[in-house]
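Every number for a ligand or one of its atoms is a count from 1 in the order of the listing. Worth saying up front: this structure is predicted, and the values here are computed from it rather than measured.
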Amino acid sequence: MRNNTKIPVENSSAAEVSMLLDILLVLHLQVLVIASSSSAEEDESSERDAQRSKGSSHQHHWGYHDQDAWLSAFEHCSGKAQSPVNIDTHKVFYEPNLPPIKLEGYDLAGSPALTLINNGHTLQLSLPSSMRIMRGFDHVYVAAQLHFHWGTTEVPGSEHTIDHVHFPAEIHVVHYNSRYANLAEAAGKADGLAVLGGFIGIGLRDNDNYEKILSALTDISIEESDTEIPGFNVRHLLPDSLDRFYRYSGSLTTPPCFQTVSWTLFNDSIRVSRRQLAALEDTLKTEHNKLLSKNFRAPQLLHGRKVLASFHTGSTARIASEAPPSETQDSNIMESNGHILAIIFGVLFAVTLLVFSVYTYGQRKKYSKFKKDSKQNVIYKPAAVEKDIDQTSVTVS
Ligand SMILES: *[C@@H]1O[C@H](CO)[C@@H](O)[C@H](O)[C@H]1NC(C)=O
Ligand SMILES: [Zn+2]
């Protein structure tokens, strides 16, 4: 017993370390179990989706007056990644790595005439496939059309809201992924669509660029009518700065509400005069010769989706990769839990590595103490291990 006075101390510390390693192992396993069960849930829900979509898929008439009716007629409209949404500027995640948007071919001055349509739901301008988003996404996106959402003189009609406030109107420039043949084919694909959205407010002067469209409104006041307008620089319909924007994953804001849109909403707004806005609000007619107005969908729940911002939105802005989602009541397990699990894995791995390295280092030190005189122990491995530990903690933090 006396001989061993020192050994029990060492043994107990070794036992502590091995217990700690056991606990960490159990934690790893638990995380694995959670991860696999949540992916099982994901499989189930996508199966359910597939089954439902086999049911009702024929076109229905729809209108903005009864948006609840969309839910039963179009299965995607009740999904958990719908658009538009409210953008809470205090809850968006600052993401400095969002690539800037780079447009090409937007200047259509001198190009063939463009078709402007009143389709009964909106005012829409057809766009040539030479217009593209070259950078900003994993693929090139090709322009197909742009259109507007608006209200009345009394009711502002943007679809997205900023801190629950509507702008008078909103422009959407719809693009499809160049992997697909056309808009129709891309619309149902997960990476199919990219829409650029701009908020339209009231300014003191007429906006000459918007006038190129608005001056033709009286020609297409009847539903399902169209006209031709000369090509112009479509870039000028968007805000001056494209650098500051929000990004989130959402849907078409009209039936069939496919959840295939990567949304980009610019922080910089566009201004038109009160007269110009009134022309948009008061000219076009929809079915039964009723005024085409208030063609905006109500904001939808985020269900755990993150809204990223390419810019600092204020003191509460958070880095996207650090902060957890704030809406804990949401059940969008696939997306938000994926991120959390990745972080937990990373931290557990780092801690395990750290404990193991410290333990190994301790063992080596002890070992070298016993063999103090042996030259074989003048090796640099412990230092190398220390270096590894430093590098690991840098990566994690
Ligand atoms: C632009 O960002 C600022 C700063 O967060 C915010 O106060 C403002 O409401 C934003 N406007 C739009 C249209 O996003
Ligand atoms: Zn739209």
(message) Can you check which of Leu265, Asn267, Ile87, Thr161 brings a heavy atom nearest to atom 12 (C) of ligand 1?
(response) Asn267

(message) Which of the numbered atoms in ligand 1 are under 4.0 angstrom from any heavy atom belonging to Tyr246?
(response) 1 (C), 2 (O), 10 (C), 12 (C), 14 (O)

(message) Take a 6.0 Å sphere around CG of Asp138 and say whether it holds more than 12 heavy atoms from other residues, nucleotides or ligands.
(response) no

(request) Verify the distance criterion only: is there a donor paired with an acceptor across the side chains of His160 and Tyr248 at less than 3.5 Å? (result) yes

(request) Please check if the side chain of Ser158 supplies one atom and the backbone of His166 the other of a donor-acceptor pair under 3.5 Å. (result) no

(request) Could you check atom 9 (O) of ligand 1 against the protein and tell me its nearest heavy-atom contact, residue, atom and distance included? (result) Ile162 CG2, 3.6 Å

(request) Output the distance between atom CG (Leu308) and atom OG1 (Thr264), rounded to the nearest 0.5 Å. (result) 10.5 Å

(message) Taking ring-ring contact (aromatic ring centres under 6.0 Å, His included) as the criterion, tell me which of Tyr246, Phe93, Phe245 meets it with Phe311.
(response) Tyr246

(message) Between the Zn ion (ligand 2) and His172, which N, O or S atom of the residue is the nearest one?
(response) ND1

(request) Return a yes/no value: protein heavy atom under 4.0 Å from atom 7 (O) of ligand 1? (result) no

(request) Can you sort out which atoms of ligand 1 are near Phe199, meaning under 4.0 Å from one of its heavy atoms? (result) 13 (C)

(message) Could you tell me, atom by atom, which parts of ligand 1 come under 4.0 Å of a heavy atom of Thr313?
(response) 4 (C), 5 (O)

Solution key, residues 225-232 side-chain donor-acceptor pairs under 3.5 Å, sequence neighbours excluded:
unit_1: Ser225; atom_1: OG; unit_2: Ile220; atom_2: O; d: 3.2
unit_1: Ser225; atom_1: OG; unit_2: Ile222; atom_2: O; d: 2.5
unit_1: Glu228; atom_1: OE2; unit_2: Thr115; atom_2: OG1; d: 2.9

(message) Within the 4.0 Å heavy-atom shell around Phe167, which atoms of ligand 1 are there?
(response) 13 (C)

